[in-house]
There are 2 protein chains.
Amino acid sequence: MTAARVRSGGRPTLEEVAARAGVGRGTASRVINGSPRVSAHTREAVEAAVAELGYVPNRAARALAGNRTDAIALVVPEPETRFFAEPYFSDIVRGVGAALADTDMQLLLTLVGSDRERRRLAQYLTAHRVDGVLLVSVHAGDPLPDLLEQLGMPAVMSGRRSASEPLASVDSDNFEGARAAVDHLISRGRRSIATITGRLDVYGARRRLDGYRKAVSAAGLGPDEQLIAPADFTEEGGAQAMRDLLARRPDVDAVFAASDVMAAGARQVLREAGRRIPDDVALIGFDDSAVARHMDPALTSVRQPIEEMGRTMARVLLQEIAGENQERPQIVLPTELIVRDSS
Amino acid sequence: MTAARVRSGGRPTLEEVAARAGVGRGTASRVINGSPRVSAHTREAVEAAVAELGYVPNRAARALAGNRTDAIALVVPEPETRFFAEPYFSDIVRGVGAALADTDMQLLLTLVGSDRERRRLAQYLTAHRVDGVLLVSVHAGDPLPDLLEQLGMPAVMSGRRSASEPLASVDSDNFEGARAAVDHLISRGRRSIATITGRLDVYGARRRLDGYRKAVSAAGLGPDEQLIAPADFTEEGGAQAMRDLLARRPDVDAVFAASDVMAAGARQVLREAGRRIPDDVALIGFDDSAVARHMDPALTSVRQPIEEMGRTMARVLLQEIAGENQERPQIVLPTELIVRDSS
DNA sequence: CCGTACGATGGGAGCGCTCCCAAAAATGAT
DNA sequence: ATCATTTTTGGGAGCGCTCCCATCGTACGG
């Protein structure tokens, strides 16, 4: 009693679809993968069989045979999740998800915190367990991008590490965003415009500072180094920077902070110093996060198109994987100044 | 000239590891999968070969042969991402990631927005492309949990749909959280304590209301229906509810809002009505989100152990997958009242 | 010293698919 | 109608692994 070749409970296989459609396995495969070398008639038959059987290709088999994975990894440095928590993370994810929706790429989420995890990730990548990698918030000294470059693994990062980035990247226009913010302060009649910078080993932070400088000097307010206070993107850092500014230049009448969180810190200090916002000192942040909307007064801020960055990153990565890109695209997306009550 | 069996550039395979260790493929497999039926000597030899060759198992082959995927999906309803954006999403992810770190389970992120995506997801699941599912913020009418139950697919959800949940679930103690908040208000001498509820088709929102009721009546302040204002978790909803409350019961001296965002809406209305916080009206929120910390005055709020919920969900799911659970665990994690300036 | 038993081991079969080659069918040119 | 092409098609080989069974080796009891 030879066991029947019919699969009892299991999911249907390609072979079964082919049998049902009265064609060979190879042909069925062609139809399913959209190869053009199939007659219309055959195609219809196979498609009907697929529908009737509710066939869904087995990903593992596909991956094994085709030597690819149909999966990409979104790599998030663990320490950052906290900072970027705000909308950032979920917006990126939403964008990426949207771009992947009509693909059958899977999105793998990879948090890397400890060195052990880093190593494991490197191993993962080396073992080619994903077709491509999305890198979020990469630091200057991060070895990962170089590893990817070396492995020839398609990758796209958000932001970049320097002006000349070997990997594909998608960034927001930090320079123009900062400039627009400062221009806005100038147009409101402010004259002693300070800035609180982010960690300057982050390229974006440097660009924001550049934008500030450009706007200030274009207005003939000369870049006054006393008005530039370095900080580290944290609330406490922003507060400290504000204290320094107030001590150095009590005449300051506007502050452009390179992040909303730092602006929140600055606000606190300004309050305690009895300066009214925006009457005495105008304040602008960067990121347009929840913090900005809920601050009192509501914070004017530079908004980055985070979700679109996510979408774009995914799109570019798919192109890289498909080998469609001659060279690594360096995409810069425009920012937008959201004017609220603080300026 | 028979092509050499040596793989030129590629990743090493099990077979190669076995050859190098001077054992058979089966034995090598046993070592790698931690089977006890291997002699210590052999084990060492294989482990050495693995290290030397930098062997990493091919996931696809494993999945294909073993009929499993070593992957779990985190399913996030798209419309929610926006609401839950705050820390919620990233905290859950961090928790899940942490619990998965020493496993070699992969985390698949699946956003489901459109019905088309829902269907595709159902197909995915039916095709057994993952070993288990993590469900975040499920609505009362969501068909997904039932589908999973039907398929016998291991699943864990955050929160639950009703008191009797067939699926495994991990929730925070909404009841006790709300009760603690209201008790705190009572201990501060408040007497006309109102509540702004979330959408009551969400189980958690109902539990928060129950907790409020319990605390109020325990204090002999009788549940006064006029002090209960239904809303929908949005800022505008919270504002509207607050207006209603003020109109109905101008004597209100405390408000417990079932979310920070609604509390933010309420705060706005209270301000406009000239009520000082906390002097005239004390205010408490729920979630302990960024909004709470940055509100002015800083908002007292009930904090949920989100990251731990993520960790627990993952842990429970792994157990479900391993078939270790007799019945579906219903885990409730404690909340904590974070007292700030608003109460 | 031999039979028994059991742990350790090797390797065949097969998971479901893609790749690719050779065969079959259709098309066109003469 | 014939032959050269081109298009379609079928199915073998093989991806790297797990499962499982037959075999081998060894320790032990009699």
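Chain letters run A, B, ... following the sequence lines, proteins first, then strands; residues in each count from 1.
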- Considering only heavy atoms, which members of residues 27-41 of chain B lie under 4.0 Å from some atom of DNA chain C? Thr27(B), Arg30(B), Arg37(B), Val38(B), Ser39(B)
- Note on the structure: Arg25(A) atom CZ is separated from dT9(D) atom C1', nearest whole Å, by 12 Å
- Task: Please state whether the phosphate of dT9(D), meaning OP1 or OP2, lies under 4.0 angstrom from any side-chain nitrogen or oxygen of Thr42(A).
- Result: yes
- Item | Axial bend angle, the helix from dC1(C)-dG30(D) to dT30(C)-dA1(D): five-pair end segments, nearest 10° | 40°
- Message: One pair to check against side-chain contact (heavy atoms from CB on, under 4.5 Å): Asp91(B) and Arg94(B). What are the steps and the verdict?
- Response: CA-CA 5 Å; Asp91(B) 279 358; Arg94(B) 191 176 316 115; 3.2 Å; yes
- note: Glu44(B), atom CD; dA8(C), atom C1'; distance rounded to Å ~ 16 Å
- Assess the side chains of Asn67(A) and Arg62(A): does a donor N or O sit below 3.5 Å from an acceptor N or O? no
- side-chain contact (heavy atoms from CB on, under 4.5 Å) partners of Arg161(B), counting only residues at least two apart: Val138(B), Pro145(B), Asp146(B), Met157(B), Glu165(B), Pro166(B)
- Non-hydrogen atoms of Tyr55(A) and Thr13(A) that approach each other most closely: CE1-C, 3.6 Å
- Between Val136(B) and Ser158(B), does a side-chain contact (heavy atoms from CB on, under 4.5 Å) hold up when you go through it step by step? CA-CA 5 Å; Val136(B) 164; Ser158(B) 76; 4.3 Å; yes
- Verify whether one side chain among Arg59(B) and Tyr124(A) offers a donor that lies under 3.5 Å from an acceptor in the other. yes
- Task: Please list residues of residues 48-72 of chain A whose heavy atoms come under 4.0 Å from any atom in DNA chain D, ordered by number; otherwise none.
- Result: Leu64(A), Ala65(A)
- Would you kindly give the CZ-to-P distance between Arg11(B) and dC15(D), to the nearest whole Å? 13 Å
- Query: Residues in side-chain contact (heavy atoms from CB on, under 4.5 Å) with Ala99(A), at least two apart?
  - Reply: Arg311(A), Ala314(A)
- Task: Could I get the full list of side-chain contact (heavy atoms from CB on, under 4.5 Å) partners for Thr42(A), not counting sequence neighbours?
- Result: Val23(A), Thr27(A), Val38(A), Ser39(A), Val46(A)
- Query: Could you walk me through whether Leu121(A) and Thr110(A) pass the side-chain contact (heavy atoms from CB on, under 4.5 Å) check?
  - Reply: CA-CA 8 Å; Leu121(A) 173 63; Thr110(A) 317; 3.9 Å; yes
- Message: Go through it in stages, so that I can follow the logic: the residues are Glu149(A) and Arg328(A), the test is salt bridge (charged side-chain N to carboxylate O under 4.0 Å, His left out), and I'd like the CA-CA distance, side-chain angles, deciding distance and then a yes or no.
- Response: CA-CA 11 Å; Glu149(A) 179 70 14; Arg328(A) 303 294 145 71; 3.4 Å; yes
